[in-house]
2 protein chains.
Amino acid sequence: MSETTGPRGGPTPRTRRDEVRRRLLDAAVRVFAERGYADSRLEDIAREAGFTKGAVYSNFGGKQELFAAILRERSEAELDAVTARTRDADDPAAAVAAAARLVARRIAEDTERGRLGLEVAALAARDSATRDIVAPLRRAQREAAARSLAEVADSGGAAPAVDPRLAGLIVHCLTNGLSMEHLADPEAVDAATVERALATVLNALLSPPASG
Amino acid sequence: MSETTGPRGGPTPRTRRDEVRRRLLDAAVRVFAERGYADSRLEDIAREAGFTKGAVYSNFGGKQELFAAILRERSEAELDAVTARTRDADDPAAAVAAAARLVARRIAEDTERGRLGLEVAALAARDSATRDIVAPLRRAQREAAARSLAEVADSGGAAPAVDPRLAGLIVHCLTNGLSMEHLADPEAVDAATVERALATVLNALLSPPASG
DNA sequence: GGTATCGGATACCCATGGGTATTGAGATGG
DNA sequence: CCATCTCAATACCCATGGGTATCCGATACC
């Protein structure tokens, strides 16, 4: 009656290893973002992925390694999203408006990303091993922002008002700060407000200050 | 021989309750900042304060209440530090320079504050009870920043370049973002860099943008 | 100074969850 | 078709740490 074969005789194929690993990582991202690293249980992550703890220990060395795998994976995926953003608009003002809107939307809508980022930052602030993984990624993000800004300033014909590296740092940190503020007080710091803040600073950085 | 009395017959006075509470709170701030909320052990906190777990449960309802007490306490102390800052310099440029230097120093030197702030933010992002305590505090901080900025702009005679509330949000979030970045990558984001970033944005917010 | 009360120390309980050893189903190869 | 290997499922171990019950010395009050 109850064989291990399906109704059509299929021998219940086993899910591929890659797939198992993928699902575990995705589930881990969700759970870590929702509960934080320390309060996340490996069993919950496994369940969320449709497996058990055994799968976790078969694919990763343990909790820390699972988290580190997420960090490494994210550090690649994160950069693409930032880079290709200001490609279509050639008018600097339009580019600024588009970028501000895009980033504001992401901050307001993708709270999972924000939460995970905050968790990573908090861990990095305390644990040097995490910091060693995170610091290079952040550097790359700042440089990507600097490059985008320089590009836009260049297309506008104006010489960059401030050192692009400094501008990149400012935009990067402001973005993270706004994300944090939105998570802490979503009512007061909504998408529109975030957008205005970003647009204001971007414009200020791209147009030379009035000498006074 | 071994009485409970000191060498001069003093009856070993017991530390005042207020004092016990004070020391426990101070120790808790240190430990929470160092290890994060979840990884902090009540016994470690008590030991750090020179007591035992019993003292904690005698003065606070438990771990969560201890943390909440810290939040409430900090929310008062935090505002004073922000407010009285730009009182001495009347020249806007000087005020900006002084403020940027002061904040940069605090970010670079007082890592404990930064770590605790990050931990609080991460908790608030996940837990609505924490958020309910944190959100009003953040609002007050933003408003304080807005007021300071408006004051400086006013003393310079120039009409504020942007809405003070928006400017307050920007400065507040940039500060937090810079603090986070310094914690994640202290080498690259040092005090001087933080200072430059802050000064740049403050100047931009206080002088009207060149119309282009 | 004797007694009641307070408050921190001590000892204990036990739910939690990371980690491990073992099992057994399904792939793999001869 | 059988032997072998792979890998997730299962069952288990046990250190950890929040919370509690109790004790006992110090203070307060009469």
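Note that the structure is predicted; figures quoted are calculated from it, not measured. Each chain gets a letter, A, B and so on, in the order its sequence line appears, and its residues count up from 1.
Counting to the nearest Å, the P atom of D:dG17 and the OH atom of B:Tyr37 are 14 Å from each other. D:dA9 atom P lies 11 Å from atom CD of A:Glu43, rounded to whole Å. Between the C1' atom of D:dG25 and the CZ atom of B:Phe51 lies a distance of 15 Å, rounded to the nearest Å. The CG atom of B:Asp18 sits 10 Å away from the P atom of C:dG8 (whole-angstrom rounding). One atom, CZ of A:Phe60, and another, C1' of C:dT20, lie 19 Å apart when rounded to the nearest Å. When rounded to the nearest whole Å, the span between CD of B:Gln64 and C1' of D:dG18 equals 11 Å. Atom-to-atom, CD1 of A:Ile45 to P of D:dA8 comes out at 16 Å; the value is rounded to the nearest Å. At whole-Å resolution of the value, CG in B:Leu24 and P in C:dG7 are 14 Å apart.
When distances run from any side-chain atom of B:Ala55 to the nucleotides D:dC7, D:dG19, C:dG8, the shortest one goes to C:dG8. Closest contact between the side chain of A:Leu42 and the listed nucleotides C:dG19, D:dA9, D:dG19 involves C:dG19. When distances are taken from the side chain of A:Ser58 to each of C:dG8, D:dC7, C:dA9, the shortest belongs to D:dC7. Closest to the A:Asn59 side chain, of the nucleotides D:dA8, C:dG19, D:dA9, is D:dA8. Closest to the side chain of A:Arg41, out of D:dG18, C:dT16, D:dA9, is C:dT16. Each of D:dA9, C:dA9, C:dG18 was ranked by its minimum atom distance to the side chain of A:Tyr57; first place goes to C:dG18.
In this structure, B:Gly54 and A:Gly54 both approach DNA chain D, and ranking their closest nucleotides by distance from the 5' end singles out A:Gly54.
In this structure, B:Lys63 forms no cation-pi arrangement with B:Phe32, as its terminal cationic atom is not both closer than 6.0 Å to the ring centre and no more than 45° off the ring axis.
Here A:Arg17 reaches the OP1 or OP2 of D:dA8: one of its side-chain N or O atoms lies under 4.0 Å away. For B:Arg16, no side-chain nitrogen or oxygen approaches OP1 or OP2 of D:dT27 to under 4.0 Å.
B:Val20 comes within 4.0 angstrom of the backbone, heavy atoms only, and of no base. As judged by a 4.0 angstrom heavy-atom cut-off over every strand, B:Thr15 is placed among residues making no nucleic acid contact.
The existence of a salt bridge linking B:Glu43 and B:Arg47 is confirmed by a sub-4.0 Å separation between a basic side-chain nitrogen and an acidic carboxylate oxygen. Salt-bridge formation is not detected for the pair A:Arg165/A:Asp163: no Lys NZ or Arg NE/NH1/NH2 atom is positioned less than 4.0 Å from an Asp or Glu carboxylate oxygen.
Checked by distance alone, B:Lys53 brings a side-chain donor or acceptor within 3.5 Å of a matching partner on the base of D:dG19.
In terms of modelled atom types and a separation under 3.5 Å, the side chain of A:Ser179 and the main chain of A:Thr175 share no donor-acceptor contact.
The CG atom of B:Asp190 sits 10.0 Å away from the CD atom of B:Glu195 when rounded to the nearest 0.5 Å.
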